[in-house]
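Just follow the structure's listing: the first ligand is 1, and inside any ligand the first atom is 1.
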Amino acid sequence: MCNQFDSLRYVGKVTKILAVNSGSSSLKFKLFEMPSEAVIIEGDFERIGNKEARMRLKVRGIEKSDRFPIYTHVEAVELLIRALIDEKAIESYSEISGVGHRISHGGVYYKDAVLVNETVKSRILELGALSPLHNPVNLMGIEAFEKVLKDVKQVAIFDTSFHHTIPKENYIYALPYRYFEDYGIRRYGFHGPSHQYVSEEAIKIYPQAQKMITCHLGSGSSISAILNGQSIDSSMGFTPLAGLVMGTRTGDIDPQIIPFIQEKEGLTPREIKDLINKESGLLGISGFSNDLRDLENAAQNGNERAQLAIDVFVHQIVHYIGAYAAMLNGVGALVFTAGIGERSSLVRTKVCNALTYLGLAIDEAENKMNARVINTAQSKVKVFVIPTNEEVIIARDVVRVANI
Ligand code: ADP
């Protein structure tokens, strides 16, 4: 039965938006109903290019997994659309109003998400020079959807865009200036959708948080300094290699180490890239794992190198938080997110115990439970644990940019 308020209720257009993250042999997706932001179905493909590729789906809380030969991203997208229909997430292709793609590098071109056209595609490829592991495969994802869904609106959402507000003195490297002018060598910052999402969530909980530091700690890790909702610095730099110690990446090291090792061991540029991207970080220090859970277990059993890897990781986080607290001239809120940030109470304890000089104190019981707010009532800094949701930022951007 109608009541008197029904005529006043806004009935927005309900649409279905796919958020996609393509890797060289993987493709992750979430189908959102907008504007409710409900996730209808999510899943991923792994080992694309292989006859033992795997498709995983999560529908209404139930997980399913299947293996097929999948040789290309186009085949994966065809299987994905078929699965959406079989699972009754959509009735036909045309029900998908837009597809958003997470793209690693937007360079100086993209300060915001953008509707994909031929120029955007060629710039994504051109920016592959700055992000060779990601931009070309991100583009493959766009082209696969183009082939399968023909006229669907596609939007590119860049990891770098949220950081376009970083001021020049914070993004210029002290190299001869022509390298900035000729090749765009500067700090860009990454993990933008994650820092954006958690900072917006933190502001909802604590609107007074003008000065905020967000810590995305996962297999890749970065820290952002955020002033009035805008990024003013990022620990990642020209590439996602810079800043914190990561699963297999070095983070900051003295650049002179590179030619030194190169000369000592006669390594090629490719071998050096592999060394600093794939063999270093937590894996390099511990000698056996890039996974913090393994290191925490091993350290508990007395493994000294595992303990050292954790301590170096924490040291670097404390170092950046201190630098950003100084740069912001104070900090109102500290946010932890991503695999380690959301789930390692040990890392949060170690980091927060080094920040008592800020008047920051955490409640250990809340911290152990991964509660949303873990600071004590007396703490001068709010400390939040906020699960990241990069995909919802992508879905929102698709609706806004493609005007759906
Ligand atoms: P990505 O999405 O970049 O692959 P995640 O954000 O999932 O990475 O983070 C992966 C990291 O989170 C791994 O180092 C993993 O060990 C760590 N992690 C996940 N769960 C836990 C946990 N319960 N305790 C400690 N570390 C965890």
Side-chain angles (χ1 to χ4, degrees), residues 19-30 42-47 56 58 102-104 131 133-134 137-138 157 159 189-198 214-224 234-236 239-251 277-301 303 305-314 316-317 335-352 364 367-371 374 385-394:
V20 175
N21 189 347
S22 314
S24 56
S25 62
S26 68
L27 191 149
K28 293 185 191 156
F29 63 90
K30 264 190 191 177
E42 64 186 290
D44 58 20
F45 292 86
E46 274 179 0
R47 307 187 71 207
R56 273 189 306 202
K58 193 166 156 197
R102 182 170 172 195
I103 310 291
S104 168
S131 185
L133 298 181
H134 296 109
V137 295
N138 298 155
I157 292 93
D159 252 37
F190 295 84
H191 287 144
S194 179
H195 289 288
Q196 181 184 346
Y197 177 80
V198 298
T214 50
C215 307
H216 177 112
L217 310 177
S219 26
S221 295
S222 69
I223 299 195
S224 268
S234 160
S235 59
M236 282 183 167
T239 74
L241 183 78
L244 303 176
V245 173
M246 308 187 210
T248 58
R249 288 175 241 163
T250 55
N277 280 289
K278 299 182 183 163
E279 297 162 27
S280 299
L282 298 176
L283 173 66
I285 300 172
S286 71
F288 71 94
S289 179
N290 62 350
D291 190 310
L292 191 84
R293 282 166 295 196
D294 295 342
L295 301 183
E296 286 188 2
N297 288 335
Q300 254 186 346
N301 294 322
N303 184 313
R305 290 261 296 279
Q307 186 61 58
L308 180 63
I310 297 171
D311 291 345
V312 176
F313 179 61
V314 167
Q316 201 62 337
I317 298 167
V335 184
F336 290 98
T337 193
I340 296 170
E342 291 165 29
R343 290 187 277 273
S344 174
S345 58
L346 177 89
V347 165
R348 291 192 304 259
T349 299
K350 282 175 172 280
V351 169
C352 291
E364 258 314 325
N367 182 41
K368 282 242 153 36
M369 288 189 305
N370 301 327
I374 60 170
V385 177
I386 301 180
T388 194
N389 193 344
E390 290 145 318
E391 297 85 359
V392 86
I393 293 286
I394 294 175

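Atom 9 (O) of ligand 1 is flagged as protein-proximal [any protein heavy atom, distance under 4.0 Å].
Between Leu292 and ligand 1, a contact under 3.5 Å exists for at least one N or O pair. Between Glu296 and ligand 1, not a single N/O pair is under 3.5 Å apart.
The single protein non-hydrogen atom nearest to atom 15 (C) of ligand 1 is Asp291 OD1, 3.4 Å, given as residue, atom name and distance. Of the protein's heavy atoms, Arg343 CB, 3.5 Å lies nearest to atom 23 (N) of ligand 1.
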Practice item. Under the side-chain hydrogen bond (donor to acceptor under 3.5 Å, both in side chains) rule, what do Asn303 and Gln307 come out as? Steps first, then yes or no, please. Key: CA-CA 6 Å; Asn303 184 313; Gln307 186 61 58; over 6 Å; no

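Side-chain contact check for Glu279 and Thr248: no donor-acceptor pair (N or O, by modelled atom type) lies under 3.5 Å. Defined by atom type and a distance below 3.5 Å, a donor-acceptor pair is missing between the side-chain atoms of Thr250 and Ser280.
Distances from atom 6 (O) of ligand 1 to the heavy atoms of Gly247, Gly339, Ser345 put Gly339 nearest. Of all the listed residues (His216, Lys28, Arg293), Arg293 holds the heavy atom that lies closest to atom 27 (C) of ligand 1. Of the listed residues (Ser219, Ser289, Gly218), the one carrying the non-hydrogen atom nearest atom 3 (O) of ligand 1 is Ser219.
Near Ile340, with a cut-off below 4.0 Å to any heavy atom, the atoms of ligand 1 are 11 (C), 12 (O), 14 (O), 17 (C). Distances below 4.0 Å separate heavy atoms of Ser344 from the following atoms of ligand 1: 25 (C).
Put simply, the side chain of Asn138 gets close to the backbone of Ser22: a donor and an acceptor are under 3.5 Å apart.
Not counting sequence neighbours, the partners of Met236 by the side chain to side chain contact (heavy atoms under 4.5 Å, CB included) test are Phe190, His191, Ser222, Ser234, Pro240, Met246, Arg249.
Residues Glu46 and Arg56 are paired through a salt bridge, judged by an N-O separation under 4.0 Å between the basic side chain and the carboxylate.
Environment of NZ in Lys350: crowded, with over 12 heavy atoms of neighbouring residues, nucleotides or ligands closer than 6.0 Å.
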